[in-house]
Amino acid sequence: MAGMKRFLTFGVVLLGVISASCGRSTPTIDSKEVEFVLSPFSTFNISCIGENVIWAEPLPRNTFVFPGSDSSTLVIYNASVEHTGTYTCQNQNPDDRPVDEDEELNEAVIYVFVADPEVPFVPEEAANLMVFPIIGNGVFIPCRVSNPYSHVTLNGVPGGQEIPALYDNKMGFFSNMPVGQYRCETTAADGRTVHSETYTVENLTEEEESEDFHVEVIASEEAVRAGQPFNITCLAPEGPLYVQNWLHPTRQAADAVQSKHTAPDSVAYTLSVGGASMQDSGVYECSVTHVISGQTRGDSVAITVFEETSFVALDHSGIGTLEEVTLLEQTEFTILLDAYPAPKVSWQRDGAAMPENYYLSTKTSHISGNRYESVVTLRHPLEKDSGNYSITALSGDHSAHFSFMLRVKAPSSSVGFLQDSAPMLDPDQEDMIIPLHTSFSLTCRGHSPLYWSMPFDLPEQTQADSSGLFVSAVTVEAAIVHHTGRYSCHYANAPEDDEPASIYIYVPDPEVPFLPLSLLSFGNHMVSEPKDMAIQCMVSNPEANVTLFDVYTQQPVASTYDSRRGAMGVFPAGTYACRALINGQEHISQEYIVHGFPPGTGTSDLHVELKAQRTALLVGETLNISCIAHGPNLLEDHWKYPGKLAERGIKFVVENTLKREIYYTLTIRQASIKDSGLYACSITDIINNLSHTKEQIITVYAAPFVTVAPQFGSVESAELDEVKEFRAVVDSFPSARVTWLKDGQPLDYVAAEISTNLRQLRETR
């Protein structure tokens with residue numbers, strides 16, 4: 001790369017000498033010499049005389065320039081071998097603009113050697129060690145010396161044979177060379193042989209020979225407040241065949257720092273300005289030339305520096321004055337803002353503050369520097385969302401405003417529009433990962449009433465909106481692993497084979513990598529089948545790498561793993577477990593037992609009862625409810641109850657083999673009001689997959705109570721000898737003692753044909 005760069009520079013120097021006699025006055029070096037040999041650590045200065053002359057950038061470190069009215073002085077201090085090279089003095093255009101390609105360029109050139117006996121060859125960048133033919137097989141090997149009097153030879157690697165080639169101590173060797181490796185050799189002052197780095201000659205690929213390439217210039221921000229920093233980056237192809245230059249008036253970015261970052265397939269050249277001034281306003285162009293074809297590509301960006309203490313401007317180029325969207329199709333409108341200080345943004349609809357909710361929301365965020373964006377989102381737009389939308393941005397004493405009309409297009413009947421379609425679920429995606437203890441919401445819309453099937457009982461918010469559509473939402477405020485599973489939205493009156501709208505939710509929990517057995521359709525017992533079956537070791541993190549193994553042999557078992565179903569395959573009787581690798585840590589699931597049965601088994605006489613000691617309790621008492629299964633002994637139980645998510649219940653299992661009964665008892669100690677609700681027990685015969693479910697409502701009361709509701713008036717009449725009955729309903733807990741009185745006296749002491757009775761309708765009535 002360096003060799004080719006210097007070869008091109010050499011050509012420019014020749015052109016400069018030829019054209020020096022015409023055009024503007026030629027810069028003149030204040031010395032009869034054009035080559036200088038410096039000692040290491042020395043200081044050197046040289047002046048260039050002429051009108052508006054400058055020393056061309058970039059200059060190496062430990063250099064600076066003293067500008068004058070009709071001269072410019074270059075100073076090199078603490079000289080080292082890195083200062084060895086060409087220095088160019090040239091005219092600066094009086095209008096402070098860059099020189100055009102067809103414009104004459106007057107310049108004077110010197111070359112400096114820093115003769116370091118310890119470093120006879122100028123150090124080379126790694127990228128320059130790969131060289132390519134420039135003309136035919138002509139190749140430059142850019143091994144430059146720090147001492148112009150050094151004798152240098154070119155040798156092949158390996159072997160060390162000397163290669164005949166022309167040598168220039170400012171450029172290196174030039175010759176027709178085949179593909180291979182080469183290095184330069186010289187003799188140091190103390191007589192030892194010193195070698196340069198090894199250079200590799202390669203032929204150009206078709207892509208490298210191609211002149212088709214792309215250049216892109218990006219600014220960190222295009223509107224900059226005075227004093228703020230900004231960067232301009234030029235993205236160009238990588239490789240020694242591309243030469244980059246910045247083109248802009250010298251008053252712009254006068255104190256900018258240039259840097260270069262190389263990636264595998266591109267190079268980023270960056271101008272960094274620490275504090276913007278008004279002189280930095282203008283156009284910045286990056287020019288890149290392909291040295292083989294001579295083709296040049298470029299791109300530019302305009303920077304505006306604001307002197308004001310505050311400013312704000314809106315970019316709404318992507319939004320028209322009238323926008324039309326389709327019914328129920330999620331839509332976003334984005335406004336870009338340039339502002340200082342941070343703007344206050346407000347949205348309105350039809351002149352009033354916009355009502356924000358799940359279906360209509362706005363968000364303003366900071367991108368970088370003085371650039372912001374504000375987005376208004378309509379998740380499922382309806383006709384009622386049509387109107388005039390406006391945005392106002394305030395920053396300091398400045399403001400900006402923009403408005404547009406929104407029209408939601410819909411058929412004559414929104415319900416008819418969805419009549420033959422499945423419910424619409426938002427978010428509309430196959431699955432979603434919810435971080436632990438964060439919230440999520442699912443919303444379903446359809447033409448008729450809806451219901452949800454979920455891995456866990458959650459409250460549903462259901463309503464019919466003004467367009468006639470039915471809306472049902474499920475919201476979880478703090479997600480835990482128990483919320484992992486499939487959420488499906490169905491039409492309440494649809495056939496069973498209708499396809500619902502569904503989404504699978506993952507809630508990864510590093511402490512609970514496998515879903516608890518209480519969330520699974522079946523427990524850890526299952527029957528071997530001749531076709532594919534599932535061992536339900538599902539994970540809460542879909543990124544987990546899961547394998548199935550035999551517990552007794554510890555050997556892997558062939559299976560196909562699905563994070564939503566478990567390990568799929570045909571498995572003989574045995575005990576299995578799953579192994580999950582998550583973030584480098586190994587986790588083992590609970591054991592799963594597969595039972596084998598001879599053909600012909602599978603009939604079931606399963607009978608299930610659900611009994612509670614009491615269906616009404618006071619806070620602090622113990623709740624006990626038992627599910628009694630009669631029949632087969634290979635059963636699985638599955639409970640649903642209000643406190644299941646918090647794992648409030650403790651389960652006990654007792655088997656009576658003589659009566660062929662299994663008692664599954666759920667106990668909640670210190671019951672609270674939140675434990676009130678529906679308790680459901682499902683017992684499954686895993687041989688034939690038949691299930692029976694029983695339900696019972698249990699209520700936990702905060703305190704004892706009693707109410708009396710007479711079923712007769714305050715005044716009643718009766719005919720002589722008529723049988724008259726007076727009835728009252730008593731609600732109480734605990735059970736009340738009931739007494740009837742006549743004229744303040746218990747009826748037990750009244751001499752008449754009067755009788756009383758007490759009949760219990762349920763535990764509290």
Side-chain angles (χ1 to χ4, degrees), residues 312-339 342-368 371-394 400-410 414 417-418 421 423-435 438-446 450 461-477 479 487 489 501 503 505:
V312 63
L314 301 181
D315 178 1
H316 47 78
S317 55
I319 306 175
T321 56
L322 174 63
E323 292 287 337
E324 292 187 340
V325 299
T326 304
L327 180 74
L328 298 178
E329 182 178 296
Q330 179 166 324
T331 305
E332 289 186 349
F333 297 99
T334 301
I335 304 285
L336 296 176
L337 305 91
D338 289 302
K344 295 180 179 179
V345 178
S346 61
W347 283 87
Q348 290 188 323
R349 185 175 69 188
D350 296 331
M354 197 162 64
E356 295 207 24
N357 49 52
Y358 178 76
Y359 298 102
L360 179 61
S361 62
T362 64
K363 182 180 181 181
T364 300
S365 55
H366 180 227
I367 299 176
S368 65
R371 176 57 63 100
Y372 301 81
E373 73 170 8
S374 187
V375 181
V376 58
T377 302
L378 295 94
R379 291 186 182 274
H380 288 180
L382 301 172
E383 288 183 273
K384 66 182 179 65
D385 294 317
S386 298
N388 180 275
Y389 288 74
S390 62
I391 178 176
T392 301
L394 300 174
H401 180 82
F402 173 71
S403 65
F404 64 96
M405 286 296 300
L406 177 67
R407 181 183 302 160
V408 180
K409 299 184 296 183
S414 300
F417 176 67
L418 283 174
S421 65
M424 297 185 64
L425 187 62
D426 186 60
D428 182 17
Q429 54 195 67
E430 186 175 341
D431 55 45
M432 188 164 59
I433 300 176
I434 306 297
T438 63
S439 64
F440 70 92
S441 181
L442 306 175
T443 303
C444 187
R445 293 190 178 195
L450 305 160
Q461 300 172 353
T462 303
Q463 64 182 28
D465 69 10
S466 58
S467 65
L469 296 177
F470 289 83
V471 182
S472 183
V474 171
T475 300
V476 172
E477 297 298 339
Y487 294 71
C489 176
I503 184 172
I505 299 293

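Throughout, residue positions are numbered sequentially from 1 according to the sequence presented.
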- prompt: Please walk me through it: do Leu378 and Gln330 pass side chain to side chain contact (heavy atoms under 4.5 Å, CB included)?
  reply: CA-CA 6 Å; Leu378 295 94; Gln330 179 166 324; over 6 Å; no

task: Carefully, step by step, assess Leu336 and His316 under the rule side chain to side chain contact (heavy atoms under 4.5 Å, CB included).
output: CA-CA 7 Å; Leu336 296 176; His316 47 78; over 6 Å; no

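We find the CE-OG distance between Met405 and Ser390 to be 11.0 Å, quoted to the nearest 0.5 Å. The CD1 atom of Ile391 sits 11.0 Å away from atom OG of Ser403, with the distance rounded to the nearest 0.5 Å. Taking OG1 of Thr331 as the start and CG of Asp385 as the end, the distance is 10.0 Å to the nearest 0.5 Å. If you take OG on Ser346 and NE2 on His401, they are separated by 9.0 Å, rounding to the nearest 0.5 Å. Between atom SG of residue Cys489 and atom CG of residue Leu425 there is a gap of 6.5 Å, rounded to the nearest 0.5 Å.
When all heavy atoms of Ala400 and Val312 are compared, the closest pair comes out as N-CG1, 4.0 Å. Taking both residues in full, the closest heavy atoms of Tyr372 and Ala339 are given as CE1-O, 3.7 Å, listed atom of the first, atom of the second, then distance. When all heavy atoms of Pro427 and Ile503 are compared, the closest pair comes out as O-CD1, 4.0 Å.
Judged by distance alone, the side chain of Asp315 and the main-chain N or O of Ser317 form a donor-acceptor pair under 3.5 Å. With hydrogens and angles disregarded, a donor-acceptor distance shorter than 3.5 Å links the side chain of Asp350 to the backbone of Asn388. Under the 3.5 Å distance criterion, the side-chain polar atoms of Ser472 are left unmatched by any main-chain donor or acceptor of Cys444.
Checking Ser374 against Trp347 by side-chain atom types alone, a donor-acceptor pair falls below 3.5 Å.
For CG of Asp428, the number of neighbouring non-hydrogen atoms (other residues, nucleotides, ligands) closer than 6.0 Å is 12 at most. Counted within 6.0 Å of CD on Glu430, heavy atoms from surrounding residues, nucleotides or ligands total 12 or fewer; the atom is thus considered open.
For the pair Val345 and Leu337, the minimum side-chain heavy-atom distance is below 4.5 Å. Between Thr364 and Thr362, every side-chain heavy-atom pair lies at or beyond the 4.5 Å cut-off. Thr438 is not listed as a side-chain neighbour of Phe440, based on a closest heavy-atom distance of 4.5 Å or more. With a 4.5 Å cut-off on side-chain heavy atoms, Ile335 and Glu373 do not count as touching. For the pair Val376 and Thr334, the minimum side-chain heavy-atom distance is 4.5 Å or more. No side-chain heavy atom of Asp431 sits less than 4.5 Å from a side-chain heavy atom of Ile505. Between Leu406 and Val325, some side-chain heavy-atom pair lies under the 4.5 Å cut-off. Side-chain contact between Leu360 and Met354 is present, with at least one heavy-atom pair separated by less than 4.5 Å.
Classified by interplanar angle (parallel below 30°, tilted 30° to 60°, perpendicular above 60°), the ring pair Phe404/Tyr389 is parallel.
Comment: Arg445 does not engage Asp426 in a salt bridge, judged by the lack of any side-chain N to carboxylate O separation of less than 4.0 angstrom.
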